[in-house]
Amino acid sequence: MAENIQKEKHGFQAEVKQLLHLMIHALYSNKEIFLRELISNASDAADKLRFESLRNPMLLVDDTELKVWVSVDKEAKTITIRDNGIGMSKAEVIANLGTIAKSGTREFLSSLSGDKAKDAKLIGQFGVGFYSGFIVADKVVVTTLKAGASENEGVRWSSSGEGEYELETITRSNRGTEIVLHLKADEEEFLNDWRLRHIITKYSDHLTLPVVMKNDKNEEEVVNRATALWTLAKNEITDDQYKELYKHVAHDFEDPLIWAHNKVEGKLEYITLLYIPSRAPFDLWHAGKSRGLKLYVRRVFIMDDAEQFLPHYLRFVRGVIDSNDLPLNISREILQNNRVIDAIRTAVIKRVLGVLEQLAVDDKEKYQKFWKEFGQVLKEGPAEDFANKEQIAKLLRFASTHTGDEAQTVSLEDYIARMPSEQSKIYYVTADTFNAARHSPHLEVFKKKGIEVLLLSDRVDEWLMSHLTEFQSKPLQSVTRGGLDLGDLNDKNVEEQYKQAEDNYAETLKKVKEVLQDGIKEVRLSKRLTDSPSCVVLDDNDLSNQMERMLRASGQVVPTSKPILELNPDHPMIKRLKEEQDQTMFEDWAQILFDQAVLAEGGQLEDPASFVRRFNKLLLG
């Protein structure tokens, strides 16, 4: 290398400084992972070069054997990790080593608590990559040259991991990246060759890229297996190897919850290795989050995050697809219109759903762990994937009046198994919170008759139920919609009493409608109330309050649905209303009964002050 042409100082992005400080302290007990992370990055750099060289073979020139070299200098107390991968330009060095370009970074950092054990899991979930070097080093020096660039476009980056880093433009003859870690005084254990070899075997055995160290005879020796793990037979792969490949693919510190390895031969030939993570990533709900599977064609890396193989509701699945049928020069555009992709996608979806279905049968506790992390995402499935709606529905879990617990443990199959023979529908109630659902007045007749009702309070539930209308030929019916018809569950004597009450209250209902005017669609007597005086319901095709709010929040113009007011003819307040002769008092009672019903549903009053005034007036008598 020749003399420096240019030297600059840059400040770290604020988030990098914060993450570095937290990471160094939180991950100190698992500090050996720095080598895994840096070798993993080198492997990715080699993969990217292989892919780019398909279009531009000159990038490889005469250096076609891609490797990672690891060496130690005991006198200088340094570890060097070098690769001959794609390298970085100056702009890429600044972007990759000076900033964190992940969506939701600020929210992630604000979620850290200061508890080292808990924060270690979160930081590992976020992914630390290159910055893990600072766990063991008090200075890191990176030199790099982008493949295809001229020798005088080399870059040297150096930092002590505090507030800033230095950049130099240098002359470098070989493409790729070299990272030199100047170890802290108490980290000399990592200058031991055997220790480094053990770490490489433990964490990097699955990588297809050879990781090389020199032996006692000063000869280069490949330390890892350097074979595409997914190409081996299942009985040749240990659980630990599966787990380490997951951590490389997903950039996750935790073990996966479960995985499925499958080789398909016949009309199409491909291998899939699919993982379900143990924990939802912090940015699962961010619109810009990368998702998808790592795509290889005949063992050659093509791209990360090939999202065409998975629908959006399975965006948490990670893994590898290796196809023998796709062209090596395939692009993201070609992926969108390709019969082979469509066939593999269909099979992958079936495979993932099948794995989850088996897990739900074999290990209910582990499935509940999955559901707690990813249940709300899976609930998007019936709207997105009509072809697999029934299979997705089998995987759904709900809270229910059967358990009375907020935990979502009840499947639709569980519900049907408990249904009395005369019950023909699956009943559910949606609300903004679990307690609002559990205490909904609409449940009163169901409690009286001992009929189970599913309690839905996730934001996605209204959307789910607008697309999941039946399961195993049983209609799903909201208890807050339409006129309640319990079919064979109805009591004939109660039906007769209801008809008599309709005649007795006809004039009262007419007067209430005149008072409330355009605020409601209709007033009628209720078949669903046994304890409460009133409730509001919607017509079958009207939007719920929750759905209206959700659509408005997304910027859509939504017409307001007028509710139907139902009154309980057996309640003392309704009897009092019927007997009230004073017009002003009647109007106050009618308005209060309506406002109470709206509040009980978790709705908002248009004029809360008037409600308080009327209520106080009635209290004073």
Side-chain angles (χ1 to χ4, degrees), residues 121-122 125 246 250 252 254-260 274-286 289 291 310-319 348-385 388-418 426-435 437-438 452-468 471-472 476 546:
K121 288 185 178 181
L122 282 171
Q125 180 188 14
Y246 164 75
D252 191 355
E254 292 195 49
D255 291 339
L257 185 70
I258 194 170
W259 60 86
L274 307 170
Y275 292 96
I276 308 296
S278 294
R279 189 187 301 270
F282 78 96
D283 55 353
L284 180 65
W285 298 98
H286 283 269
K289 172 184 164 50
R291 62 185 180 87
L310 288 168
H312 197 62
Y313 74 92
L314 294 179
R315 59 186 176 275
F316 52 84
V317 177
R318 306 310 300 261
V348 167
I349 294 171
K350 289 286 187 186
R351 185 75 175 161
V352 172
L353 297 179
V355 165
L356 291 175
E357 195 172 329
Q358 196 62 48
L359 180 65
V361 173
D362 294 343
D363 193 333
K364 286 182 169 57
E365 185 177 336
K366 189 177 274 192
Y367 187 78
Q368 278 306 127
K369 184 178 180 182
F370 159 78
W371 183 258
K372 184 178 179 181
E373 296 293 326
F374 301 107
Q376 290 195 53
V377 183
L378 202 63
K379 284 181 177 182
E380 298 171 8
E384 185 183 354
D385 188 357
N388 294 296
K389 185 186 291 189
E390 189 82 2
Q391 192 173 6
I392 298 167
K394 287 181 70 175
L395 298 170
L396 302 180
R397 296 293 183 269
F398 304 95
S400 160
T401 55
H402 176 75
T403 62
D405 193 276
E406 192 170 359
Q408 297 178 6
T409 59
V410 175
S411 71
L412 293 176
E413 289 178 312
D414 294 336
Y415 183 102
I416 289 174
R418 289 191 288 266
I426 299 171
Y427 293 103
Y428 69 90
V429 61
T430 56
D432 287 334
T433 65
F434 171 74
N435 281 330
R438 182 175 57 169
E452 183 175 359
V453 180
L454 301 177
L455 306 173
L456 280 60
S457 55
D458 288 338
R459 285 187 63 190
V460 70
D461 284 335
E462 282 284 354
W463 179 251
L464 165 66
M465 289 306 182
S466 67
H467 292 86
L468 186 63
F471 178 73
Q472 294 184 355
L476 276 85
Q546 294 100 316

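The model shown is predicted, which means the values in this text are computed figures rather than measured ones. Position 1 is the first residue of the sequence; numbering continues from there.
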Measure the spacing between [atom1] of [X] and [atom2] of [Y] and express it to the nearest 0.5 Å.
{"X": "L395", "Y": "E390", "atom1": "CG", "atom2": "CD", "result": "11.0 Å"}
{"X": "L454", "Y": "T430", "atom1": "CG", "atom2": "OG1", "result": "11.5 Å"}
{"X": "I392", "Y": "D385", "atom1": "CD1", "atom2": "CG", "result": "4.5 Å"}
{"X": "L378", "Y": "L353", "atom1": "CG", "atom2": "CG", "result": "7.0 Å"}
{"X": "T409", "Y": "K364", "atom1": "OG1", "atom2": "NZ", "result": "11.0 Å"}
{"X": "R318", "Y": "D252", "atom1": "CZ", "atom2": "CG", "result": "9.0 Å"}

Under the rule for side chain to side chain donor-acceptor pair (under 3.5 Å), what residues qualify as partners of R291, not counting sequence neighbours?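 For R291, the residues satisfying side chain to side chain donor-acceptor pair (under 3.5 Å) (neighbours in sequence not counted) are H312.
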Go through the structure and list residues passing side chain to side chain donor-acceptor pair (under 3.5 Å) with Y275, not counting sequence neighbours.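 Side chain to side chain donor-acceptor pair (under 3.5 Å) check on Y275 returns nothing, list empty.
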Test side-chain contact (heavy atoms from CB on, under 4.5 Å) on V377 and L314; report intermediate values, then the result. CA-CA 7 Å; V377 183; L314 294 179; over 6 Å; no
[X]: which residues meet the salt bridge (charged side-chain N to carboxylate O under 4.0 Å, His left out) condition with it, sequence neighbours left out?
{"X": "R438", "answer": "none"}
{"X": "D414", "answer": "none"}
{"X": "K350", "answer": "none"}

Verify salt bridge (Lys or Arg N to Asp or Glu O under 4.0 Å) between R279 and E373, making sure each step is shown before the conclusion. CA-CA 6 Å; R279 189 187 301 270; E373 296 293 326; 5.0 Å; no
Could I get the full list of side-chain contact (heavy atoms from CB on, under 4.5 Å) partners for R397, not counting sequence neighbours?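 So R397 forms a side-chain contact (heavy atoms from CB on, under 4.5 Å) with A360, Y367, Q368, W371, Q408, S411.
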Between [X] and [Y], what is the shortest heavy-atom contact and its length?
{"X": "S400", "Y": "V410", "answer": "CB-CG2, 3.7 Å"}
{"X": "L456", "Y": "A437", "answer": "O-CB, 4.3 Å"}
{"X": "S278", "Y": "P256", "answer": "OG-C, 3.3 Å"}
{"X": "L468", "Y": "P382", "answer": "CB-CB, 4.4 Å"}
{"X": "P277", "Y": "F374", "answer": "O-CE1, 3.5 Å"}
{"X": "A399", "Y": "F434", "answer": "CB-CE1, 3.9 Å"}

Given L356 and F370, is the side-chain contact (heavy atoms from CB on, under 4.5 Å) satisfied, shown in steps? CA-CA 9 Å; L356 291 175; F370 159 78; 3.7 Å; yes
From CA spacing to verdict: side-chain contact (heavy atoms from CB on, under 4.5 Å), K394, L412: CA-CA 7 Å; K394 287 181 70 175; L412 293 176; over 6 Å; no
Check whether any side-chain heavy atom of [X] lies under 4.5 Å from a side-chain heavy atom of [Y], and answer yes or no.
{"X": "R315", "Y": "E380", "value": "yes"}
{"X": "I426", "Y": "F471", "value": "yes"}
{"X": "V355", "Y": "L274", "value": "no"}
{"X": "V348", "Y": "L310", "value": "yes"}

More than 12 non-hydrogen atoms from neighbouring residues, nucleotides or ligands closer than 6.0 Å to NZ on K369, yes or no?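 Counting neighbours around NZ of K369, 12 or fewer heavy atoms of other residues, nucleotides or ligands fall under 6.0 Å, so no.
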Hey, does the side chain of [X] reach the backbone of [Y] with a donor-acceptor pair shorter than 3.5 angstrom?
{"X": "D363", "Y": "L359", "answer": "no"}
{"X": "E384", "Y": "Y313", "answer": "yes"}
{"X": "D458", "Y": "V460", "answer": "no"}

Should E452 and T401 be marked as a side chain to side chain donor-acceptor pair (under 3.5 Å) after you check the CA-CA gap, both sets of side-chain angles, and the distance that decides it? CA-CA 6 Å; E452 183 175 359; T401 55; 5.5 Å; no
Between K379 and E462, does the salt bridge (Lys or Arg N to Asp or Glu O under 4.0 Å) criterion hold? Intermediate values first, please. CA-CA 10 Å; K379 284 181 177 182; E462 282 284 354; over 6 Å; no
Does a side chain donor of either Y246 or D255 reach within less than 3.5 Å of an acceptor in the other side chain?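 No, no side-chain donor-acceptor pair sits under 3.5 Å.
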Can you check whether Y428 and Y415 have ring centres sitting under 6.0 Å from each other?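 Ring centres of Y415 and Y428 not closer than 6.0 Å.
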